[in-house]
Every structure is written in structure tokens, then in C-alpha cells.
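Have a look at the structure below before the remarks.
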Amino acid sequence: MGRYFGTDGFRGEANVTLTADHAYKVGRFLGWYYGELKRRSRDGTPPRIVIGKDTRRSSYMFEYTLVAGLTASGADAYMLHVTTTPSVAYIARVDEFDCGIMISASHNPYYDNGIKLINNHGEKMDEDTISLIEDYIDGKLEVFGKSYKELPYATRETIGKTVDFASGRNRYIGYLISLGMYSFRGKKVGLDCANGCSWNIAKSVFEALGATTYVINADPDGFNINENAGSTHIEGLCKLVKEKGLDVGFAYDGDADRCLCVDENGNVVTGDHILYVYGLYMKERGKLVSNTVVTTVMSNFGLYKAFDKAGINYAKTAVGDKYVHEYMSEHGCRLGGEQSGHIIFSKYATTGDGILTSMKIMEVIMAKKTSLSKLCEPLKIFPQELLNIKVNDKEKAQNDKDVLAAVKKVEDKLAGAGRILYRASGTEPLVRIMVEAESEKLCKEYSKEVASVIIKKGYAS
């Protein structure tokens, strides 16, 4: 993990951990670096960098400071304005931009924000380039055989420009609609847009495909993104589905790169359910290339048992859709994702895409002529307890020998009839304890055993 960029970008409280000055420097570096790469390949055109943002108040500040840095270094900044993370990845790839930038802190509260960097293939930026950005922020950049304390400014005709590129977002909407395999006519669909990026996209896509939509949390004001809404607070959607008698509901997070579902009975359908339902659907049609679904270590024990029964292989990666995508690319897998709802359909997208995920679940419902609850029925999820503990030093807490001994003790007790996972968060000052066992009582008991050691050792803040 980098000094500033974690598993999902440079994230922190706006103007506390992540400041406007940081954003300006990120823009300065990217504009200069891609310009230098072009110059070295004898390409005299300016770098083209596409930018999207979510609905947080601070996203405007970061958008303008990034643009100032980019244009000061000679890059042209193409502005998608409020849009989803997967739309930036799509446009960066199909319109051959040098790179893409998404301003968002995903599912975090409004006062946090983040900068996600996307390469010209629509994938998360490589670690080497991110390391160079961090070096520049720290004033110790060495690249192309030279040391730089500061980067040269563009002058005269080489100063960059901004381009209003809302048309790019509209093309992404058209792309999603083009992927619709079935008409959704006659289906009543609930959409929880988390007062985030999907508020002006999801409804348009579903109604274009014929669904009758019931939309909540689609009135962003800069402060209410993810507030008791979306995939991290799905209770409101559960209530809507039951009260209105809907066929299905879909909840997105702030930047709409993840999706969780609600079945017709008001029950939550997680990313693990989605991987099972669509993995089985692909296998039945002979479309599951390599017969493997890629998961992370956070996927439920019950998912693996269900895959075993269905004859589907699985891989486990570190937490983060970045790692899922890397494994999928290396091994040619078509489906992968996280329990949290980051699902990657590699035939159609290079990153998690919440709206695409909801369309794919609708595809299975329509193709099989059944309900989401029936599709999920064979998957028996093991009870799970997840404790997030805020700590003063997550690296020390993660590697403390006494804490690790407590984790090992729980592993021995489970003896293959469940599991425990202990790790540091990639984006927040937290350590996470996750226990899966045959009963909720055991889950709570074992997770508290480890938590008590963390507290006793003085790591809890």
C-alpha cells in the first residue's frame, strides 16, 4: 500500500487528510508525466485526461484544483461532471484518453473524499505510476533519469484547456442500454441511488428498458451522499420493496461501482449471492470461461460450499476489486467480485459497475422466468460477525503477535467448520475481524475473543 494511495485511491477527510493542494499536485504530475511520455514518443499532441466526480460538496473543489494542475502542466481536461466511477473507466478506454480521474470516496460519509486514478485501458492505475505521484507530493521525484523538486509549467500555446464532456456520460448511458438482453416491461423495480452518482443515470437506463421504477435517495445536496441510504444502509430499500410490492430492488453506493439487491420478499441479496446466481447462469449456458469465479477472502464460507456442489471452481484474492480484476485479467476469468457488491463482468467492463450488475441480475430473472429469492435459494449463507475496530496504528495492530495468537486459537476451535479473517482496512484507520461459524452465538463469541486482545494491547482509539 502506498503512502497516500490505498487500495481504492487517495482517500481521506476533505482538506484534512486529502487537501486541495494534494489534488493540485496530482493534476500537475499527471499533466506533465503524460506530456513527457508523448514528447519522448515524438507525439506533439497534448495529453487528454477525463474527469468525473460524485455529489459531495468538496468534489467541486477537487475538480477545479485537479483541472488547474492538469492545464498548468499542459494537459487538456475533459469534464464529465457528476457521473459514476465505471463511466469514467469506460470513457477512458473507448475514447483513448491518456488516463481518467474519478473524484469520490465511494461509500464514505460526505466529509470524506478521494481521488481514483484509471489508466487508458479503463483499469486502476499501476503502482509504479502511483509511486511517482507520491514521490512528487513528497518533493523527491526521480524519473526519466532526472531529479525534480518542481515540475516545469506549460507556457503560451502549450497551456492546457478544459472541455465540457457531458456527452461522454450520455454515451455511457447508451452503452448500458445497448447491453439489455430482455425487455423489463411489467417489472416493478426499486432503485436506491444513495444520493450519489447514479441519481441521474440508473432511472434512465431501467425505464429505457421498460421497467416501472420506484426511486429513493436521488436528491443529492452535497451533504447527504450515503446518509442512511444506498448499499451501506439498505433498510430503506427493503421497506420500499415490501410496501410497494416490487419485484426486485437495487441499491448503489456513492460512486455506483457496487450494487446490492433486495428480493421480492424484502431480503438483502449480497455480492456473494450475485456471484452465485450469475455464475450458475453462465455455467448453464457454457459461458463461464475457465469454469472459475473470482472472489476475495471476505466471501462467505457458504458460497464456496454452493460452488462445490455446482461444480464451479473459485479463486480467492485480497480484498479490493483491483485485485479481483488483476486475477481475472491474468487467468482469463469472466466473472468476479466482492461480498460488498463490487462485481466485475469482464466481457463488458474493466471495473465494478453497480448499474451493470443490476441489469445482469434482471437478465437472469427474465431468462429463468422466476424470482430473485428462488434464484438465491440454494445458497446457504453461514452466520457472520464483522467487527470494525478503529485503531491508532493499524499496521502494528495487524501484526501484533498476541493478537495473531488469538486469531490462531479461534481457527483451531473452528476446525474447518467456519473461518476467521483478520486484516487492516485499505481505506480507513480500522482493523476488521470477520468470523463465520455454524451459529451466530459462536460468531459473536469468537470475534469478541480477538477484539478483547486488541483493546487490552491498547490499539483501540
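Numbering starts at 1 and runs along the sequence shown.
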Inset, instruction - Using a 4.5 Å cut-off on heavy atoms from C-beta on, say whether the side chain of Ile91 contacts that of Arg171. - result: yes
Inset, instruction - Please confirm whether the backbone N or O of Arg432 pairs with a side-chain atom of Asn388, one donor and one acceptor, at under 3.5 Å? - result: no
Legend entry - Arg48 charged N/C atom sitting above Phe97 aromatic ring, 6.0 Å / 45°: yes
Legend entry - Side-chain (Lys124) to main-chain (His325) donor-acceptor, under 3.5 angstrom: no
Inset, instruction - Output yes when a side-chain donor or acceptor of Glu134 lies under 3.5 Å from a complementary backbone atom of Tyr4, and no otherwise. - result: yes
Inset, instruction - Say whether, by atom type as modelled, one donor and one acceptor occur between the side chain of Ser41 and the main chain of Leu37 under 3.5 angstrom. - result: yes
Inset, instruction - Apply ring pair (Phe, Tyr, Trp, His ring centres under 6.0 Å) to the pair Phe223 and Tyr111, showing each step before the final yes or no. - result: CA-CA 8 Å; Phe223 307 109; Tyr111 47 78; over 10 Å; no
Legend entry - Sidechain-backbone polar pair: Asn226 side chain, Asn108 backbone, donor-acceptor under 3.5 Å: yes
Inset, instruction - Kindly indicate whether a cation-pi arrangement holds for Arg40 with Phe144, taking the cut-offs as under 6.0 Å to the six-membered ring centre and within 45° of the axis. - result: yes
Inset, instruction - Determine yes or no for a side-chain-to-main-chain donor-acceptor pair under 3.5 angstrom, with Glu436 supplying the side chain and Gln384 the backbone. - result: no
Inset, instruction - Report the residues that fulfil side chain to side chain donor-acceptor pair (under 3.5 Å) with His81, sequence neighbours left out, ordered by chain and then residue number. - result: Asp164
Inset, instruction - Please check if the side chain of Asn300 supplies one atom and the backbone of Ile381 the other of a donor-acceptor pair under 3.5 Å. - result: no
Inset, instruction - Step through it carefully: locate the ring centre of Tyr278, locate the ring centre of Tyr281, and say whether they are under 6.0 Å apart. - result: yes
Legend entry - Check: Asn224 main-chain N/O paired with Asp221 side-chain donor or acceptor under 3.5 Å: yes
Legend entry - Close aromatic pair by centroid cut-off 6.0 Å: Tyr90 and Tyr348: no
Inset, instruction - Check whether any side-chain N or O of Ser59 sits under 3.5 Å from a backbone N or O of Thr55 as a donor-acceptor pair, and report yes or no. - result: no
Legend entry - Partners meeting side chain to side chain donor-acceptor pair (under 3.5 Å) with Thr270 (sequence neighbours left out): His273
Inset, instruction - With the side chain counted from C-beta on, respond yes when Cys99 and Leu117 share a heavy-atom pair under 4.5 Å apart, and no when they do not. - result: no
Legend entry - Which residues share a salt bridge (Lys or Arg N to Asp or Glu O under 4.0 Å) with Glu363, sequence neighbours left out: Lys360
